[in-house]
2 protein chains.
Amino acid sequence: MNISSRFSVAIHILSILEINKTGTNTSDFIASSVNTNPVVIRRITGMLSKAGLVEVKPGVPGAKLAKDPGDITLLDIYNAVNVVEENGLFGVHDSPNPDCTVGRNIQGAIVPLFTSAQKAMENVLAAVKLQDIIQDIEAHEM
Amino acid sequence: MNISSRFSVAIHILSILEINKTGTNTSDFIASSVNTNPVVIRRITGMLSKAGLVEVKPGVPGAKLAKDPGDITLLDIYNAVNVVEENGLFGVHDSPNPDCTVGRNIQGAIVPLFTSAQKAMENVLAAVKLQDIIQDIEAHEM
DNA sequence: TTATCCTGTAACAATTGTAGTTACATGTCG
DNA sequence: CGACATGTAACTACAATTGTTACAGGATAA
């Protein structure tokens with residue numbers, strides 16, 4: 001199991017939009033950097049657009065950031081591309097047997113723990129901004 | 001996407017082994033509490049056995065905890081059932097284009113972040129013992 | 001206006017992982 | 001030996017992901 005690479009691709013896309021902000025970033029161009037199919041890029045860009053992170057118009061080549069990279073967190077991106085449902089990171093078997101002590105209490109015992117484990121992970125993502133990624137990328141080009 | 005319910009089922013199994021420690025916990029019995037097929041239970045019990053968390057012998061009915069429930073963390077169980085690979089929670093698109101500034105630096109920029117986000121989640125699991133789950137279950141039966 | 005280039009999206013295939021199931025070999029023990 | 005349990009292979013059904021083709025529709029320059 002792993003979280004869909006849509007997330008890492010989305011970060012890649014947004015980084016390009018900022019770093020190459022003076023250029024025209026078409027889905028073809030971005031696809032060649034990500035090394036995938038342009039349709040994959042358009043799909044993800046569509047999700048980012050619905051989430052208000054990018055601006056893109058049918059017929060007009062290229063996409064642009066809709067916000068300052070300092071105002072976009074990795075959690076925003078993660079939520080935008082629907083890779084994990086809210087409180088849904090951990091799958092839980094449903095309908096355990098209510099006639100068993102463990103069966104009727106297991107969900108109540110583990111769901112809150114799973115929720116807080118997921119939250120801990122998401123808090124790390126919330127603490128990182130797109131700006132931080134950009135800086136890291138640029139620092140390696142010096 | 002979510003983490004396989006093998007994890008929650010494994011916690012369920014181990015809880016039964018402790019709470020019903022005086023009984024004989026066959027895969028059939030456990031399956032009726034989890035509400036699944038006995039083979040699913042035996043598969044997971046086999047993984048827990050390889051990880052040294054339970055003792056089970058071919059031909060001998062029932063399984064037993066191999067350790068004190070105070071010495072088993074949720075992280076131990078999570079690792080035992082192989083639901084997430086080490087540093088593999090987040091999928092990352094491979095072979096981005098090295099001829100692009102973003103392409104050649106994106107992995108270096110995001111992998112450490114993904115690793116620390118995953119670690120944060122796993123640290124929450126590491127802080128919870130099977131014993132805590134058992135106590136929670138029993139507290140609800142008072 | 002028309003040609004061209006782009007985005008949006010439906011539709012489909014290939015791949016992978018999960019969960020359930022049947023079947024059966026093998027081990028234990030009365 | 002017989003009854004019963006575990007271990008495991010093999011198969012199905014299902015869902016999500018990723019890549020792909022095809023095409024409708026918008027924007028713009030000549």
Side-chain angles (χ1 to χ4, degrees), chain A residues 1-10 12-13 16-17 23-51 54-64 66 78 81-85 88-96, chain B residues 1-10 12-13 16-17 23-51 54-64 66 78 81-85 88-96:
Chain A
M1 189 294 310
N2 61 29
I3 291 174
S4 166
S5 64
R6 273 201 306 277
F7 183 31
S8 66
V9 172
H12 190 142
I13 292 171
I16 288 179
L17 297 190
T24 302
N25 299 294
T26 64
S27 60
D28 261 68
F29 172 76
I30 299 173
S32 81
S33 172
V34 172
N35 191 26
T36 184
N37 190 292
V39 176
V40 172
I41 302 300
R42 292 202 288 273
R43 270 204 290 249
I44 296 173
T45 304
M47 291 174 142
L48 296 171
S49 169
K50 276 186 189 156
V54 310
E55 282 173 1
V56 58
K57 287 174 194 162
V60 181
K64 293 196 177 310
Y78 163 98
V81 295
N82 271 323
V83 283
V84 175
E85 293 203 12
L89 176 59
F90 293 88
V92 177
H93 57 296
D94 55 349
S95 40
Chain B
M1 190 296 310
N2 62 26
I3 290 174
S4 166
S5 65
R6 275 204 304 280
F7 183 31
S8 66
V9 172
H12 190 141
I13 293 171
I16 289 179
L17 297 189
T24 302
N25 299 294
T26 65
S27 60
D28 260 70
F29 172 76
I30 299 172
S32 79
S33 172
V34 172
N35 191 25
T36 184
N37 190 291
V39 175
V40 172
I41 301 301
R42 293 203 287 273
R43 270 204 288 246
I44 296 174
T45 303
M47 292 175 140
L48 296 172
S49 169
K50 276 186 190 156
V54 310
E55 283 172 0
V56 58
K57 288 174 194 162
V60 181
K64 294 194 178 310
Y78 162 99
V81 295
N82 271 323
V83 282
V84 176
E85 292 204 12
L89 176 60
F90 293 86
V92 177
H93 56 295
D94 55 350
S95 40

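Residue numbers start from 1 in every chain, and the chains themselves are labelled A, B, ... in the order their sequence lines are given, proteins ahead of strands.
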Rounded to whole Å, how long is the line connecting atom [atom1] of [X] with atom [atom2] of [N]?
X	N	atom1	atom2	answer
B:K64	D:dA5	NZ	C1'	14 Å
B:N25	D:dC4	CG	C1'	16 Å
A:I44	C:dT9	CD1	C1'	15 Å
B:D28	D:dA3	CG	P	18 Å
B:K50	D:dT6	NZ	P	17 Å
A:F29	C:dT7	CZ	C1'	17 Å
A:I41	C:dC6	CD1	C1'	15 Å

Is there a side-chain polar atom (N or O) of A:T26 under 4.0 Å from OP1 or OP2 of C:dC6?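 Answer no for this pair, as no side-chain N or O of A:T26 is under 4.0 Å from OP1 or OP2.
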Nucleic acid footprint by protein, nucleotides 14-23 of chain C - heavy-atom cut-off 4.0 Å, B for base, S for sugar-phosphate alone: ----SSBBBB
Ignoring the backbone of A:V56, work out which of C:dG8, D:dA5, C:dC6 is nearest its side chain.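 Side chain of A:V56 sits closest to C:dG8.
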Would you please classify the geometry between the A:H12 ring and the B:H93 ring as parallel, tilted or perpendicular, with 30° and 60° separating the classes?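 B:H93 vs A:H12 ring planes: tilted.
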With a 4.5 Å heavy-atom cut-off, do [X] and [Y] have their side chains touching?
X	Y	result
A:S33	A:I16	yes
A:N2	B:V92	no
A:V9	A:I41	yes

Need one value for B:G62: base, sugar-phosphate or nothing, where a base atom within 4.0 Å counts as base even if backbone is also close, heavy atoms only.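 Sugar-phosphate contact only.
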Looking only at heavy atoms, which two atoms of [X] and [Y] are closest? And how far apart?
X	Y	value
A:A63	A:L17	O-CD2, 3.5 Å
A:P96	B:N35	CA-CB, 4.3 Å
B:V84	A:M1	CG2-CE, 3.5 Å

Go nucleotide by nucleotide along DNA chain D from the 5' end; which of A:V60 and B:S49 gets its closest nucleotide reached first?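 First, find each residue's nearest nucleotide; the 5'-ward one identifies B:S49.
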With DNA chain C as reference, determine whether B:K57 or A:G59 sits nearer its 5' end, using the nearest nucleotide of each.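 In this pair, the answer is A:G59.
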